[in-house]
Amino acid sequence: MDFYSFLIQLLNGLQYGLLLFLVASGLTLVFGIMGIINLAHGSFYMIGAYMAWALAEQTGNFGLAVLLGIVLTVILGILLEAVFYRHLYKRDHLYQVLMTYGLILVFEELRSIIWGDDVHGVAVPALFSASIPLTDNLSYPVYRLAISAVCVLLALGMYLLIQRTRLGMMIRAGASNNEMVQALGINIKLIYTLVFALGVALAATAGMIAAPISSVFPNMGGQVLIICFVVVVIGGIGSVWGALLAALMIGLVDTFGKVLVPDYAGLSVYVLMAVVLLWRPEGLFKRG
Amino acid sequence: MSDVTKTPLLEAKGLHTYYGASHILHGVDFKVGAGETVALMGRNGMGKSTLIRSMLGLVPPREGSVFVRGQNVTRSPTHKITRSGIAYVPEGRGIFPNLSVKENLLMAARAGTGGKREWTYERVLETFPRLSERLSNGGAQLSGGEQQMLTIGRALMTNPDLLILDEATEGLAPLIAREIWNIIRTIRASGIATVIVDKNYGALLTLVNRCAVMVKGQLVFDDLAEKMNDEIVQKYLGV
Ligand SMILES: Nc1ncnc2c1ncn2[C@@H]1O[C@H](COP(=O)(O)OP(=O)(O)OP(=O)(O)O)[C@@H](O)[C@H]1O
Ligand SMILES: [Mg+2]
């Protein structure tokens, strides 16, 4: 592989990893703080992608579609938490799996009713539609760089929120001792709602910004869900920074796997998971 | 008898509390007036912690009522009850091990009732100079005494009118325990009411105005500290 092909794969791998991180961070946060295994998390990615497509068709402006989509998915997250997820906090994982699996079916059915079962392409926004020429016949699309940049900014924003703000301190405190948080006069339910809505919005945002490169299709949430669980398990369940590292590893292994060992490409991430878990059964980072 | 005419800060009436099927509190009446210092005594497993946790809504009572300044808060969520000026230092201390010492303090900061902000971060550190040397340490890296100072400091950051300390000096070396007692004296002098649970009855009795003694989920003695005598101690506390 020459340098430019390598560079392209490297950038693709990082971009894919960063996007996975956006989805997986919400999954791991919700598990780490509320103890919920949310199988429907991939559906939020799917909902985001369909929203981006539908809103972009309506408004004719992809950027506006994404902003509107974020507002709508935050609202969706707040409603879902209040109506469904709140009842799962004190329950066994079995109930969580049953209900959230049920929600996947509901979301897919609603998707089918509202948006149909067709595959849709979403146009790359004009602002980012250029490509950067690398050699005579290789170039790199600006939009992919823009995706990576947005992901990095969101990850940075999350870092600041969780590590540097009082709300972040309360969120982390809630993960270790929610009773004590309440005893200090803090409304833990409100914090749970916020964390959940944040997770929904992050997954949906990932779906929205990925739509122009991945297109929009039924069951796209299921694929993402499985790979996100791999990310969460490798990173250490509940650890956001573990998820970041794991997502980048998976992005790179998957991308280079497809190039270097195309016959076994589908296996590469699972081999990575097996190796990491043999070395560190709890994942790269312990919860925290 | 000014205590009777004034509405108590915190009052429990006829509390019955259960853990699943086991009936733990059997109709407990308990109150704390503004500025009062009350010892809550009783042998292991008599229900002291359960009484505290019931009043705070952490283990809601099945029967009976809890009032804060005369307001019925029996079914209120814990954060609403503690927001009305109550701070809690639990058994086992409840430090957040994944937060630094500084974060443990800052996350709790808020104005007390009537917007008072007497206990600032700076004042808490002045009161607990040891903590200011450990600010960036994780909560779990502290010694037992430092952890207790941190929980008390964290409780003060909420500018409470009432501080409830469950097992104030449990597991602490005598020298550290004495430091904690002195801090409680300072807190009391600042006008904050306190409810203290501790096994060191000697130290406790020099500090409090009133004693309440629990036996098997019932209050068997509730009177001024002067009325406490060896006979009662022998009978109910078995020391
Ligand atoms: N979570 C729980 N589930 C079931 N039973 C409990 C629970 N917590 C306490 N108990 C029981 O309730 C009774 C009262 O316990 P509690 O902790 O209130 O006593 P205590 O007076 O605070 O004792 P100690 O001095 O040991 O702290 C005990 O018999 C105890 O075994
Ligand atoms: Mg106790």
Side-chain angles (χ1 to χ4, degrees), chain A residues 28-35 81-82 86-87 89-92 158-195 235-243 282-288, chain B residues 49 52-53 55-60 68 76-113 121 138-140 147 150-166:
Chain A
T28 208
L29 260 182
V30 166
F31 184 86
I33 292 158
M34 288 97 97
E81 198 273 344
R86 182 171 290 182
H87 307 289
Y89 296 149
K90 288 194 176 134
R91 302 211 180 220
D92 196 75
M158 232 192 330
Y159 171 81
L160 293 175
L161 172 73
I162 294 176
Q163 298 297 332
R164 291 288 135 91
T165 65
R166 277 193 66 209
L167 178 61
M169 293 173 202
M170 292 173 191
I171 290 173
R172 281 181 285 141
S176 82
N177 188 341
N178 71 56
E179 202 169 73
M180 195 62 227
V181 171
Q182 297 174 65
L184 288 166
I186 294 161
N187 186 348
I188 194 88
K189 280 191 178 168
L190 191 60
I191 290 187
Y192 285 170
T193 308
L194 288 174
V195 169
I237 295 170
S239 165
V240 175
W241 316 120
E282 295 201 47
L284 297 172
F285 286 65
K286 272 182 134 183
R287 185 199 281 214
Chain B
S49 301
I52 293 171
R53 294 167 57 76
M55 292 191 293
L56 296 180
L58 290 166
V59 185
V68 177
S76 299
T78 298
H79 74 269
K80 285 221 175 108
I81 299 177
T82 50
R83 277 217 162 234
S84 49
I86 301 173
Y88 172 46
V89 171
E91 275 176 303
R93 301 176 188 128
I95 295 288
F96 303 117
N98 54 341
L99 269 63
S100 69
V101 168
K102 185 177 180 181
E103 290 175 331
N104 265 279
L105 293 173
L106 288 181
M107 63 85 64
R110 70 178 147 85
T113 50
Y121 178 63
Q147 284 195 7
L150 180 55
T151 6
I152 297 175
R154 185 178 63 183
L156 291 172
M157 292 292 287
T158 68
N159 286 288
D161 302 316
L162 168 63
L163 177 64
I164 302 178
L165 290 129
D166 199 351

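The chains referred to below are lettered A, B, ... by the order of the sequence lines, with proteins before strands, and numbering in each begins at 1. Note that the coordinates shown come from a computational prediction; the quantities given were computed from them, not determined experimentally.
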Among residues 185-194 of chain A, residues within the sub-4.5 Å heavy-atom range of chain B, in order of number, are A:Gly185, A:Ile186, A:Asn187
Without placing hydrogens or testing angles, list every side-chain donor-acceptor pair under 3.5 Å for residues 160-167 of chain A, not counting sequence neighbours.
residue  : atom : partner  : partner atom : Å
A:Arg164 : NH2  : A:Tyr159 : OH           : 3.4
A:Thr165 : OG1  : A:Leu161 : O            : 2.5
A:Thr165 : OG1  : A:Gly168 : N            : 3.0
A:Arg166 : NE   : B:Leu106 : O            : 3.0
A:Arg166 : NH1  : B:Ala109 : O            : 3.4
A:Arg166 : NH2  : B:Met107 : O            : 2.9
A:Arg166 : NH2  : B:Ala109 : O            : 2.8

Residues at least two apart in sequence or cross-chain that pass side chain to side chain contact (heavy atoms under 4.5 Å, CB included) with B:Arg83, listed by chain then number, are B:Arg110
In terms of heavy-atom pairs under 4.5 Å with chain A, the winner among B:Leu58, B:Asn104, B:Thr151, B:Thr158 is B:Leu58
By side chain to side chain contact (heavy atoms under 4.5 Å, CB included), A:Asn177 pairs with (sequence neighbours left out) A:Glu179, A:Met180, B:Phe96
Whatever's closer than 4.5 Å to a heavy atom in chain A on B:Ala87 counts as neither
Max heavy-atom pairs within cutoff under 4.5 Å with chain A, candidates B:Ile81, B:Thr78, B:Ile86, B:Ile95, goes to B:Thr78
Distance col, row A:Arg172:CZ vs B:Asn98:CG, nearest 0.5 angstrom, shows 7.0 Å
Most contact-rich option vs chain A, by heavy-atom pairs under 4.5 angstrom, among B:Gly57, B:Ala108, B:Pro77, is B:Ala108
